[in-house]
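Each residue takes its place number in the sequence, starting with 1. Just so we're clear, the structure is a prediction, and the values are computed from it rather than from any experiment.
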Amino acid sequence: MSGTPLSLSEREEVALALTEDPGMSWARLARRVERHPTTVAREVSRRGGRSKYRPATAERAAVRARRRPRLRLLEVPGLLRERVIAELRQGRSPEAIWADLRAEEAPVVPCVETIYQAVYVGVLGVKPTECLRTRRPRRRCRQARYPNRRAGLPNISRRPVEVENRSEFGHWENDQIIGARNGSSLLTFTERVTRWAMGITMPEGYAAEATLAGLIEGLGRVPSHMLKSVTFDQGRLSRNLCEVG
């Protein structure tokens, strides 16, 4: 399911609606719980169907499904874990450890982010204040690590709650896909609640002028009452929010 999972209260409302009218359409049922029809249809179909859907059973199954099915890579005892721990205690950075393992063509090479996560989660038994050069006890959020490059535009971290939790229709996300040899580009528009997407082809490439033209064309295709904000990429994981209207 896209967006946030259904809550127990929403599942109970779905069950009540099916009890009142077993043949209720997915669209009517979705409006009742303010969800997308596909989300509701998949939820009911996966949890017994219209006649056997039980909210408590569905909630327990959803909780089990969200649990991590296996140990983290560096939680598994073995030579890899021991080497990473030993090198961290020697003061080596996760980047250096990853580079050595890759150069040696090791059978399993954890990425830099995997090593950082293992340190900060605590599965290696090594404190970040003891082994990392920054000596930070906690990780900074992504927006703090990659600050806004365009201070005149509001940062994505400041977007309203209804945008963050996908509870309000009309908020869009932009992304750009670069073609082979940088000769073309595709600009995508995705609505956050329904996840409906459209693409704008830009045969001129991804230069500033071509990107601006693609944005204008895409925004022109969206009816004004369906357009409240647009979130777009700035590169290096930094994103901005542009409020419309």
Partners of Glu82 by side-chain contact (heavy atoms from CB on, under 4.5 Å), sequence neighbours excluded?
Leu79
Do Val112 and Ile85 share a hydrophobic cluster, counting only Ile, Leu, Val, Met, Phe, Trp and Tyr and linking them when any side-chain heavy atoms are less than 4.5 Å apart?
yes
For the residue pair Arg50 and Trp26, would you count it as a cation-pi contact if the rule is NZ or CZ under 6.0 angstrom from the ring centre and within 45 degrees of the ring axis?
yes
I'd like to know if Met24 and Leu16 are part of one continuous hydrophobic network [Ile/Leu/Val/Met/Phe/Trp/Tyr, side-chain heavy atoms within less than 4.5 Å].
no
Rounded to the nearest 0.5 angstrom, the CZ-OG1 distance for Arg42 and Thr38 is 6.0 Å
Going by atom types only, do His36 and Thr194 share a side-chain donor-acceptor pair under 3.5 Å?
no
Would you please name every residue forming a side-chain contact (heavy atoms from CB on, under 4.5 Å) with Ala207, sequence neighbours left out?
Glu209
Sequence-distant partners of Arg31, side-chain contact (heavy atoms from CB on, under 4.5 Å), two or more places apart
Ala27, Arg28
For the pair Glu191 and Arg166, evaluate salt bridge (charged side-chain N to carboxylate O under 4.0 Å, His left out) and give the outcome as yes or no after the intermediate values.
CA-CA 9 Å; Glu191 204 285 316; Arg166 304 175 191 267; over 6 Å; no
Can you tell me if Gln90 uses its side chain to pair, donor with acceptor, with the backbone of Arg92 under 3.5 Å?
no
How long is the straight-line distance from CH2 of Trp172 back to CE of Met226, given to the nearest 0.5 Å?
5.0 Å
Does the side chain of Ser93 reach to within under 4.5 Å of the side chain of Arg133, using non-hydrogen atoms?
yes
Lys/Arg-Asp/Glu bridge criterion (N-O < 4.0 Å) met for Glu217, Arg221
yes
I'd like to know whether Leu215 forms a side-chain contact (heavy atoms from CB on, under 4.5 Å) with Phe189, so could you lay out the CA-CA distance, the side-chain angles of the two residues, the decisive distance to 0.1 Å, and finally the verdict.
CA-CA 9 Å; Leu215 282 170; Phe189 286 72; 4.1 Å; yes
Mark yes when over 12 heavy atoms from residues, nucleotides or ligands other than Glu95 sit less than 6.0 Å from its CD; otherwise mark no.
yes
Taking Ser45 for the side chain and Ala41 for the main chain, is one N or O donor matched with an acceptor at less than 3.5 Å?
yes
Evaluate whether atom CZ of Arg102 has more than 12 neighbouring non-hydrogen atoms of other residues, nucleotides or ligands under 6.0 angstrom away.
no
With salt bridge (charged side-chain N to carboxylate O under 4.0 Å, His left out) as the criterion, how do Arg64 and Glu59 come out once you've worked through the C-alpha distance, each side chain's angles and the decisive distance to 0.1 Å?
CA-CA 9 Å; Arg64 288 196 300 269; Glu59 178 72 11; over 6 Å; no
Let me see the working for Leu88 and Glu130 under side-chain contact (heavy atoms from CB on, under 4.5 Å), right down to the final yes or no.
CA-CA 9 Å; Leu88 284 171; Glu130 299 172 349; over 6 Å; no
Below 4.0 angstrom, N of the basic side chain to O of the carboxylate: do Glu20 and Arg32 qualify?
yes
Would you say the side-chain atoms of Glu173 and Thr231 include a donor-acceptor pair closer than 3.5 Å?
no
Work out which heavy atom in Arg35 is nearest to a heavy atom in Val40; give both atom names and the distance.
CB-CG2, 4.0 Å
For Pro110 and Thr114, work out which heavy atoms get closest and say how close.
CB-CG2, 4.1 Å
Roughly how far, to the nearest 0.5 Å, is the CG atom of Asp175 from the OG1 atom of Thr188?
5.0 Å
Hey, quick one: are Leu29 and Leu8 part of the same hydrophobic cluster, counting side-chain heavy atoms closer than 4.5 Å, chains of contacts allowed?
no
If you link ILVMFWY side chains whenever their heavy atoms are less than 4.5 Å apart, which other residues fall into the same cluster as Ile216? By chain and number, please.
Leu212
Measure across Met198 and Gly218 and return the closest heavy-atom pair with its distance rounded to 0.1 Å.
CE-O, 3.2 Å
Ignoring hydrogens, what is the shortest heavy-atom contact between Ala61 and Arg47? Give both atom names and the distance.
CB-NH1, 3.5 Å
Please say which of Leu219, Thr211, Leu187 ends up in a side chain to side chain contact (heavy atoms under 4.5 Å, CB included) with Ile200.
Leu187
Correct closest heavy-atom pair for Val126 and Arg89 would be CG2-NE, 3.8 Å
Is Asn174 close to Gln176 at the side-chain level, that is, under 4.5 Å between some pair of heavy atoms?
no
Is there a chain of hydrophobic side chains (I, L, V, M, F, W, Y, each step under 4.5 Å between heavy atoms) that links Ile177 to Trp196?
no
Distance (rounded to the nearest 0.5 Å) between Leu132 CG and Ile115 CD1
10.5 Å
Which residues pass the side-chain contact (heavy atoms from CB on, under 4.5 Å) test with Ala15, not counting sequence neighbours?
Tyr53, Pro55
About how many Å separate CD of Gln117 and SG of Cys111, when rounded to the nearest 0.5 Å?
7.5 Å
Students should find that the hydrophobic cluster of Val63, defined by side-chain heavy atoms under 4.5 Å apart, otherwise consists of none
Treating Arg192 as the side-chain partner and Gly170 as the backbone partner, does any N or O pair qualify as donor plus acceptor under 3.5 Å?
no
Taking all atoms of both residues into account, what is the closest heavy-atom pair of Met202 and Gly214, and its distance?
SD-CA, 3.8 Å
First locate atom CZ of Arg72, then atom CG of Leu124, and finally report the distance between them rounded to the nearest 0.5 Å.
10.0 Å
Starting from Val109, can I reach Leu74 by hopping between I/L/V/M/F/W/Y residues whose side chains sit under 4.5 Å apart?
yes
